[in-house]
Q: 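Right, I'll just put the structure down here and ask away after.
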Amino acid sequence: MNQPFVISDAVADALQNGRPVVALESTIISHGLPRPRNLAAAQEFEEILRSAGVTPATIAVLDGVPRIGLDADGVRRIADEDMVKASVRDLPILAAKKISGATTVAATAYLAGRAGVRVFATGGLGGVHRGASSSFDESADLSALALAGVTVVAAGVKSVLDIAGTLERLETLSVPVVGYRTTNFPSFWLTESGEQIDWSVDSPEEVAAVMRAQYELGHGQGIIVANPLPPELQWEPAEHDAVLLEALAEADARGIRGKAVTPFLLSYIVGASGGRSLEVNLDIARNNVRLAGEIAKAWSRTTQGQR
Ligand code: PSU
Ligand code: MN
C-alpha cells in the first residue's frame, strides 16, 4: 500500500521538532488569482513565512498524491497547470485516476489536519451562497472546518455570499469564530461586514490558548480567526458594492452553477475592478499569512507543537 499522502521533508522535520508550520491553500493560486501574478503570490506567501522562521506547507494534489509541502516545481505547477478544483470529496477520485488538483479550503484543512499541521492561512472562506435556501449551494469549507482540527486565518467571507447565513451555519456546525481584535466580521475586501460575532481575541498567544483548550475539551473542530484588513487598505466600499452587484447579475445571467460559481465571481470581479480587487486580495492574503505565522509560533512555544 502506498502512502495516502506525502509530507515534504521540510514539513516533516519541523513537525517532528515542534517547530511552527503553516498550511497554505492551492485553489486560491490556481482558481482565485490570475496568471502570472499567482506564481509570484504563491512564492511570496511561502517567503513571508520562511523569513518569520515558520515552515510553509503549501498543499495540493500532484498526479493523484496529496502533498503537504511542495518544492519549487510543485509551486510552479499549481500556478501554471490547468488543475481541477479539488474539495474533500474529490481526493479519492484524483488518487485513483492519478490526476492533479488544487485544494480548496475544505480539502487543504482536511489534509493539514491529517498531517498534524494545526494552523492554516487563506484569503477568504467559502460559505453559504445567496439563494442557498433554494439552490442548497453551501461550500464544503464549512463542514470540513467542523472536523479538521485546524485553525484557519481568513478575512471572513466575500459579500457575494450570504454572510449572515454563513455565520448561522458555522454556529450550527459548532465551529468557533473569533475576530482578531474585532467583533465585526470582515467581508474580505471590506474591513467590516456589519455582522457581529460574539468573541474577539487580542494576540496570537490567545488564539493558541483557545486551540489548546479546544483540544483538551475533546473537540475536533477547527477555529476560524477572522482577520480584517486595516481600513486604510480596504477596497473603496462604493466601488466594491457596484462591482459585486454586477458580478452576481452576470453569474445569474450566464447560468453559472455549482463549483464554477466561486471561481467565476472571483475572476469576473478582478476584470471589472480593473485590477483593484486583486491588489486588495493580495494584501488580505499577506496579512493572513503573517498572522497565521505568529499563531503557529505561539502554538509551538506553548505546546512544542504537540496536541
Ligand atoms: N473565497 C475567496 N477566495 C477563494 C475561494 C473562496 O475569497 O479563492 C476559494 C477557496 O479555495 C475556497 C473555495 O475553499 O473557493 C470555495 O469554493 P466553493 O464555494 O465552490 O466551495
Ligand atoms: Mn458550491
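Just follow the structure's listing: the first ligand is 1, and inside any ligand the first atom is 1.
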Q: Report the part of T104 (side chain from C-beta onward, or backbone N, CA, C, O) that has a heavy atom under 4.0 Å from ligand 1; answer both or neither where that applies.
A: both
Q: Would E44 and R286 pass as an ion pair if we require N to O under 4.0 Å?
A: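 Looking at R286 together with E44, the answer is yes, because their closest N to O distance falls below 4.0 Å.
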Q: Can you confirm whether the side chains of S159 and H240 place a donor and an acceptor under 3.5 Å from each other?
A: yes
Q: Which option, N281, T262, L145, owns the non-hydrogen atom nearest atom 15 (O) of ligand 1?
A: T262
Q: Check whether any N or O atom of V105, backbone or side chain, sits under 3.5 Å from an N or O atom of ligand 1, and answer yes or no.
A: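 Yes, there is a polar N/O contact under 3.5 Å.
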Q: Over all heavy atoms of both residues, which pair between V225 and L291 is shortest? Give the atoms and the distance, please.
A: CG1-CD2, 4.2 Å
Q: Determine whether the side chains of S26 and T103 contain a donor N or O and an acceptor N or O closer than 3.5 Å.
A: yes
Q: If the cut-off is 4.0 Å to any non-hydrogen atom of L266, which atoms of ligand 1 fall inside it?
A: 3 (N), 4 (C), 8 (O)
Q: Would a distance-only check, ignoring hydrogens and angles, find a side-chain to backbone donor-acceptor pair under 3.5 Å from T166 to V128?
A: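 Yes.
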Q: Among all the protein's non-hydrogen atoms, which is closest to atom 1 (N) of ligand 1, and how far away is it?
A: G124 O, 3.4 Å
Q: Salt bridge check: are R130 and D137 linked by an N-O gap of less than 4.0 Å?
A: no
Q: Among protein heavy atoms, which lies nearest atom 11 (O) of ligand 1, and at what distance?
A: E25 OE2, 2.3 Å
Q: Ignoring hydrogens and angles, state whether a donor on the side chain of S174 or Q221 is under 3.5 Å from an acceptor on the partner side chain.
A: no
Q: Do the side chains of K297 and E205 get close enough for a salt bridge, i.e. N-O under 4.0 angstrom?
A: no
Q: Looking only at protein heavy atoms, which one is nearest to atom 7 (O) of ligand 1, and what is the separation?
A: K158 NZ, 2.2 Å
Q: Among N17, D9, L15, which residue meets the side-chain contact (heavy atoms from CB on, under 4.5 Å) test with D13?
A: N17
Q: Checking side-chain polar atoms at under 3.5 Å, does E46 have a donor or acceptor matched by the opposite partner on T58?
A: yes
Q: Take the Mn ion (ligand 2) and tell me which protein N, O or S atoms are nearer than 2.8 Å.
A: D137 OD1
Q: Mark up the atoms of ligand 1 that fall under 4.0 Å of a heavy atom belonging to K85, in ascending order.
A: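 Under 4.0 Å from K85, ligand 1 has these atoms: 17 (O), 18 (P), 20 (O).
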Q: Of all the heavy atoms in H31, does at least one lie under 4.0 Å from an atom in ligand 1?
A: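 The answer is no: ligand 1 sits nowhere under 4.0 Å from a heavy atom of H31.
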Q: For ligand 1, which atoms sit closer than 4.0 Å to a heavy atom of D141?
A: 12 (C), 14 (O), 16 (C)
Q: Quick one: look at V157 and ligand 1, take heavy-atom pairs under 4.0 Å, and tell me if it's side chain, backbone, both or neither.
A: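 No part of V157 comes within reach of ligand 1.
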Q: Does the distance from a Lys or Arg side-chain N to an Asp or Glu carboxylate O, for R77 and D63, drop under 4.0 Å?
A: yes
Q: For atom 21 (O) of ligand 1, which protein heavy atom lies nearest, and how many Å away is it?
A: S139 OG, 2.7 Å
Q: Can you tell me how far apart OH (Y110) and CZ (F5) are? Round to the nearest 0.5 Å.
A: 8.0 Å
Q: Give the numbers and elements of all ligand 1 atoms closer than 4.0 Å to a heavy atom of H129.
A: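 Contacts of ligand 1 toward H129, numbered from 1: 19 (O).
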